[in-house]
Amino acid sequence: MRFPIIGTCLFTVALASAQAQPEQKPVMAEQAFKNVRVLKGIPVDQFMATMGFFSASLGETCTDCHSAESGGNWAKYADDNPRKNIARGMIAMMNAINKTYFGGRREITCYSCHRGVERPDVTPNLADLYGPPPSKEPDELREPAAKGPSADQILDKYIQAIGGADRLAKLTSFTGHGIYQGYQDDKYPMDVFVKAPNQLSTVIHTAAGDSTTTYNGSAGWIAGPATERPVALLDLTDGDLAGAKLDAVLWFPAQIKPALTQWRGASATTIDGLDVQMIQGTGDGRYPVNLYFDSKSGLLARVVRYTESPVGLNPTQIDYADYREVAGGVRMPYRVTVTWLDGKSTTAFSEIQPNVPVDAARFAKPVRPAAPSPP
């Protein structure tokens with residue numbers, strides 16, 4: 001079972017002896033793992049996101065690039081093998097190409113050549129050449145649309161569709177209970193705690209113990225059983241932290257407009273046959289947040305956001321469905337599907353209770369899970 005941020009590993013993922021770190025500084029990859037040779041000087045969450053980028057680029061899993069033994073032993077990820085050494089050389093080659101031919105800009109990534117396969121294709125495929133072009137998710141801010149409704153109009157329509165500004169202003173918190181289903185079809189009960197304007201805590205009650213993702217309005221963490229995660233308590237940094245904040249804001253639609261800047265007007269497209277309108281904003285001025293709204297109902301159907309990694313952009317897609325009315329006349333999605341480079345999960349809520357007291361402790365830094373007892 002995997003959760004967001006846990007990526008497939010091509011390099012070196014084995015726990016090293018922990019060293020005390022100042023509370024305000026995230027742990028670097030080489031401090032958390034052994035035998036890190038290339039991806040040094042980056043926080044652990046960026047290191048794991050990079051592993052996910054490798055996984056998506058080559059269509060491989062952890063044990064494809066490490067060893068079969070690593071599947072049940074984190075320490076085995078540190079062992080060297082020919083594939084890992086080749087990967088290190090590939091990173092050096094990619095960086096050299098970008099430096100030599102593109103002035104250091106990242107124009108070439110692993111995905112540029114591999115496209116989800118282990119060995120890059122060298123011969124054109126006629127079916128690809130003459131078949132319908134694949135859809136491409138925009139990973140940069142587009143020029144504002146010349147025609148069509150503005151971003152403000154789309155967002156205002158959304159607010160009306162889910163209950164109106166007056167009712168939304170009265171929504172200050174909620175708790176939710178449901179079932180979390182991971183990409184391996186494992187199902188576990190889960191609880192969600194949300195408080196305006198941007199605090200969010202999700203607790204998945206797995207067989208091995210609770211997995212908790214928390215954002216308290218300024219800092220965020222992921223904590224989980226040591227049997228399920230190579231790092232039991234993970235600090236969220238940079239793009240992952242910004243993503244956690246946006247995920248919390250999205251539960252309070254009136255907060256969406258001020259949360260992003262450089263809004264772009266709507267362009268029409270479809271999602272699984274559904275006519276939608278896409279608008280764009282940005283949180284950092286570099287990468288877009290793409291929001292898709294049902295053209296008829298005005299409801300938010302999908303959000304795509306990006307986080308930076310040393311080797312490329314990592315997209316996260318969140319789909320919202322099954323909107324139902326909760327107390328107070330506000331409509332909320334009872335089905336949320338999250339897709340990232342090396343995983344997918346679906347949450348189906350059975351109940352959502354608005355405006356209930358939520359203890360501030362729910363948004364505190366999670367306690368580091370205890371290490372498993374030796375046999």
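We're numbering straight along the sequence, starting at 1.
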**Residues Ser309, Phe47; criterion side chain to side chain contact (heavy atoms under 4.5 Å, CB included); working and verdict** = CA-CA 8 Å; Ser309 82; Phe47 181 88; over 6 Å; no
**Asked** With sequence neighbours excluded, what pairs up with Ser295 under the side-chain hydrogen bond (donor to acceptor under 3.5 Å, both in side chains) test?
**Response**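 With sequence neighbours excluded, Ser295 shows a side-chain hydrogen bond (donor to acceptor under 3.5 Å, both in side chains) to no residue whatsoever.
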Let me check something: any side-chain donor-acceptor pairs from residues 242-253 under 3.5 Å, sequence neighbours excluded? List them with distances.
{"residue": "Asp247", "atom": "OD1", "partner": "Arg305", "partner atom": "NE", "Å": "3.2"}
{"residue": "Asp247", "atom": "OD2", "partner": "Arg305", "partner atom": "NH2", "Å": "2.9"}

I'd like to know whether [atom1] of [X] has more than 12 heavy-atom contacts from other residues, nucleotides or ligands below 6.0 angstrom.
X      : atom1 : result
Asp166 : CG    : no
Arg362 : CZ    : no
Glu351 : CD    : yes

**Asked** Val304: which other cluster members, linking ILVMFWY side chains closer than 4.5 Å, directly or transitively?
**Response**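 Hydrophobic cluster check, Val304: joined to Ile271, Leu274, Val276, Met278, Tyr287, Tyr292, Tyr306, Leu313.
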**Item:** Nonpolar side-chain network containing Leu141, other nodes, edges under 4.5 Å
**Value:**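 ILVMFWY cluster around Leu141 holds nothing else.
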Looking at [Y] and [X], is any side-chain nitrogen of the basic one under 4.0 Å from a carboxylate oxygen of the acidic one?
X      : Y      : answer
Asp235 : Lys25  : no
Arg83  : Glu118 : yes
Asp275 : Lys296 : no

**Derivation of the side chain to side chain contact (heavy atoms under 4.5 Å, CB included) call for Val326 and Phe349** = CA-CA 12 Å; Val326 299; Phe349 288 105; over 6 Å; no
**Request:** With sequence neighbours excluded, tell me which residues meet salt bridge (charged side-chain N to carboxylate O under 4.0 Å, His left out) with Asp294.
**Result:**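 Checked Asp294 against salt bridge (charged side-chain N to carboxylate O under 4.0 Å, His left out); zero matches.
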**Request:** Using the salt bridge (Lys or Arg N to Asp or Glu O under 4.0 Å) rule, take Asp80 and Arg37 through it: C-alpha gap first, then chi angles, then the decisive distance, then the call.
**Result:** CA-CA 11 Å; Asp80 273 328; Arg37 301 186 189 180; 2.4 Å; yes
**Asked** Of all residues at least two apart in sequence or in a different chain, which pass the side-chain contact (heavy atoms from CB on, under 4.5 Å) check with Asn98?
**Response**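 Checked Asn98 against side-chain contact (heavy atoms from CB on, under 4.5 Å); matches are Met94, Phe102, Arg106, Glu107, Ile108.
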